[in-house]
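We name chains A, B, ... by the order of the sequence lines, and we start the count at 1 in each one. Source: prediction; values computed, not measured.
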Amino acid sequence: MNYDFREIEAKWQKYWAENETFKASNNSDKPKFYALSMFPYPSGAGLHVGHPLGYIATDIYSRYKRHKGFNVLHPMGYDSFGLPAEQYAIQTGQHPAITTENNINRYREQLDQLGFSFDWSREVRTSDPKYYKWTQWIFIQLFNAWYNKKKDKAESIETLIAIFEKEGNASVEAACDDDTPSFGAADWNAYSEKEKQKILLKYRLTYLADTEVNWCPALGTVLANDEIVNGVSERGGHPVIRKKMTQWSMRITAYAQRLLDGLDKIDWPQPLKDSQTNWIGRSEGASVTFNVLPPTPSGGGGANARLTGDSSMIGILLDRAKEMRKNPTSAEDKLWQALRRKNLDVKFRRQHPVYKYIVDFICLEKKLIIEVDGEIHDYQLDKDAQRTLELEQKKGFTVIRFTNDEVISNLEAVIKKIEDVLSSLSTGEGWGGDNNDHPHQIEVFTTRPDTIFGVSFMTLAPEHELVSKITTPQQKAAVDAYVEATAKRSERDRMADVKTISGVFTGAYAEHPFTKEPIPIWIGDYVLASYGTGAVMAVPCGDQRDYDFAKHFNIDIPNIFEGVDISEEAFADKENTIIANSDFLNGLTCKEAMKKAISELEKIGHGKGKVNYRLRDAVFSRQRYWGEPFPVYYVDGMPQMIDEKYLPLELPEVEKYLPTETGEPPLGNATVWAWDTNKNEVVTNDLIDNKTVFPLELNTMPGWAGSSQYFNRYMDPHNDEAIFSPEAINYWQDVDLYIGGSEHATGHLLYSRFWQKFMFDMGYVPKDEFAQKLINQGMITGTSAFVYRELDSNKVYSKGLISGKNVVPIHADVSLVNASDELDVEAFKEWQPEYKDAEFILEDGKYIVGREVEKMSKSKYNVVNPDAICEEYGADSLRLYEMFLGPLEQSKPWNTAGITGVHSFLKKLWKLYANVSDKEPTADNLKTLHKTIKKVEEDIENFSFNTSVSTFMICVNELTSQKCTSKAILEPLAILVSPYAPHIAEELWERLGNTGSISVAPFPKFDSTYLVERSKEYPISFNGKMRFKLELPLDMGKDEIEAAVLAHEKTQAQLGGRTPKKVIVVPGKIVNIVG
RNA sequence: GCCUUGGUGGCGGAACUGGUAGACGCGCUGGAUUCAAAAUCCAGUUCCUUCGGGAGUGAGGGUUCGAUUCCCUCCCAAGGUACCA
């Protein structure tokens, strides 16, 4: 009786389907186990051999768990909304629902022939209205929720409204928009309904906002960051530009910290956790507020002229001022000390740039300048007079002058005079003081508050809102040109070109929060508007980019690190570094200085410790047809949710699947797409009166919407009353094992965790992480085959003959090549008729192809289809071979040739059962069986499926040579094999006389007594190298072993007369002789 | 650049907490069976070798009686990420 896999596999696939063998029950005395494979997008190309890898692994584990007595949930479904079906619809007019249905049917056929133990009764399809009803439902729940930071969880929006009504929003700590105004209870209650709605949108977990989005004109849609690769769309490689649009967003940032913390308690691969950690991008530091120094108040140079220093020469001025501050004359120093001691109610600065001069002392509030003159030369006198005139007449300052002598000999009189003048002057227009009445402030985020005294300039992103407000007239042209140039450059250019340093000075200055020194404000495109506050305090000595920028524009690079050379590059090391030249931070380590700097900033109200995240809120609108419609209509421009009881809101029919001529999303083509609030149904657009009939949302949801809770829906997939019943979710709890590709690391797997946490907060699910363990299966790559055609001739050379010849490799279809890399030349000629007349130069009578591992792709002719393999070798062979290829998580090349190995294993296995007897098993039989049980069980638990396949081979080889026919051995062996090769296992099980499916037979129990050995073949090594083996009893003691080994003739031969220095004996393991 | 994972025969890959490197399979070589082929079975297959043996897990060093395994430095490959302040 031959192993007729075709008949066997068809028979059992039919049996499983008819008997619903794998249907999971939502209540059982057995412990539960939920094993899940990521559901596929049903693409038109069907499955290739790479796709089932993860499914097979999940299936093996599911079947194993059934043998182990678990109630196993192992479902499958389809992520059936998506762009390809829509693109196809655009090209052909075929409705995406039809294409999708066809593809699903094809997928189902392919999956069925592989013998998976899916519970198909629970199948879900994200594009099915019965399914997306609940996607819409979750959207509504998110809309009706806000994030309470005090409780660190999401709550119903009702609780927020209640607070607003009672006390306004002063005490509310919520994840909300940055521009949320503050208001009291009275304000709130006085707001109109629309105003209230506007405010609430700033708090809701899904909200409408004008967002700068990645717009892809070619696809007519917005793309998420993870849908863009290298600045072009992942699909199609079309250019992407930045554009402002009103979009639905998901406030995932509210969950940033919890998404980070949750990673610690789930067993997911480290690289995946790392990329999520990276993506969330937490950094600790401080936010620091810099006041922007005001413009000069007087006329003359124009209202916006800057107080401090002429922009065209500020670099030189600042350098000189610094220099002069360091080297004051004795008179200057004396007066400076006195002014500081005197507590004059006003603040003086010294060596300060004003207009095109540097003045000795200045009080900005009073517009008073004090100059101390040294020996006066004639030429100097003229200049000073002109300077005084300019400053007094044109700039509105009061200038008083003293000589060095006056200051040194009669300081008190000098101070008296200054006090008199001060009291006579009115305070200026609210500039220069320390009060917080500056018209503009720049907030920055820094991870290095300890370097605050190293700040020598600030840089704003060109898109920063303050840029237009603070730029001086002199600099306006340059700044405008720069901003425009940056906007034109695509993200791609900006990214590609990181080496070019560019930027423009705005002409404006900020004031250092501690030293009160003016700091020039620049703009530069190395600062990103989308990260932090879009502004940085530049510390060139500590940050390489700041350093490069400073070097390029000749900006001062103060060194604030003790004993560190910064003449060549910035110094970024935080460990063992001592801060210097930093006032109260001097002598502290970076760590200490950070704390100190933050507390000092907090004292003067200029900053606070802050945690910043890279994670942005997720844009949730897509300008597509083939996606979930939003359950939203608009009244007076404000979004309204359709009541849950009228869901699902089904996708409307459209004539065309492209965006409308006016640039609206494809749903803009629908003629029946308006909401009647009386009838609570969709009606024709003609009826829109904005009284009872309103327009519906035209965007649809993104791809990840349908996949963010599907794993929970499987628990109760036909429930029309709820997304799932409390009983179902409380029984199944969460996914125990989730297997899928790593490409979903920062997409599906992050969004799903976010929604799960939200569902948890709202009390819908009992676990705030949906999958305890996750495994990323590796990619299966193709092994391409090449023939080599000589250039300018019609000759095609075999691989061994190409050296020295000018040949081009040409892909040959892998199905035309046999296991020995020989090409079927005739078949090749038939496949590519252009080579019909080509001369194939053979070696040893064969044409040998070249081989190379590449990604599986149609264009490389290396795609291997599982259908053909099932036909030739059977599903069990395919399943075994996919596992046998290598470790699950590793990427590995496919080579169909190797499948003969596992196929002949199955044939040998089959033969073993030809004459089953009731004979008592021998000790050898039992030993073989039990070591197999042990190894296979360990392997499955460790997801090391490749090694258990070889264990099976060893087992069958051994039992065959033992001529084992004993049922007591062969019956448990069938169960061991069953998770891997279920069809043959079922058949053998039945032939052994069992009725019913093998799938619930208990897993054989390992008994270690069968493995006990009497003796051991000791490896005898010399200096760690094994030289020969010696069989010795296991109960032999250390000394006896040593004696026995040393007495052996081979030992003596090895030693060659030398006496060993040392003999290491590890009983039961090894003997090592050193000498 | 940074983070992560890897690097073992012609190929895919084994090797538990440091203890016989190359299990298992493919391919290859030889043989049996056959009119022949397929299939099947048997033997061999890391490299070098003067057939005694010697070398060997990306490279170099270290710890150890003993290192694919632990430590240090470097090289290479794959995946993720990036003017992230």
Could you please name the option among [options] that lies closest to any side-chain atom of [X]?
X         : options             : answer
A:Pro1019 : B:U81, B:A14, B:U20 : B:U20
A:Lys1069 : B:U20, B:G19, B:C65 : B:G19
A:Ala897  : B:C84, B:C26, B:U20 : B:C26
A:Ser275  : B:G56, B:G80, B:A39 : B:G80
A:Arg1027 : B:C83, B:C24, B:G54 : B:G54
A:Ile1070 : B:U20, B:C28, B:U40 : B:U20
A:Ser820  : B:C28, B:A14, B:U81 : B:C28
A:Asn946  : B:C24, B:C83, B:A14 : B:A14

Hydrogens and angles aside, do A:Thr783 and A:Asn895 bring a side-chain donor and acceptor to less than 3.5 Å of each other? no
Salt bridge or not for A:Lys934 and A:Glu938, using N-O below 4.0 Å? yes
Pair pattern of RNA chain B in dot-bracket, where unpaired bases get dots and | marks partners in another strand, Watson-Crick or G-U under 3.5 angstrom: (((((((..(((......[....)))((((((.......))))))(((....)))..(((((..]....))))))))))))....
For B:G58 and B:U68, measure between their P atoms and round to the nearest Å.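 About 9 Å, rounded to a whole number of Å.
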Among A:His903, A:Glu872, A:Glu882, A:Lys907, whose side chain to side chain donor-acceptor pair (under 3.5 Å) with A:Ser877 holds? A:His903
May I ask you to decide if the ring planes of A:Phe549 and A:Tyr526 are parallel, tilted or perpendicular, using 30° and 60° as cut-offs?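 A:Phe549 vs A:Tyr526 ring planes: tilted.
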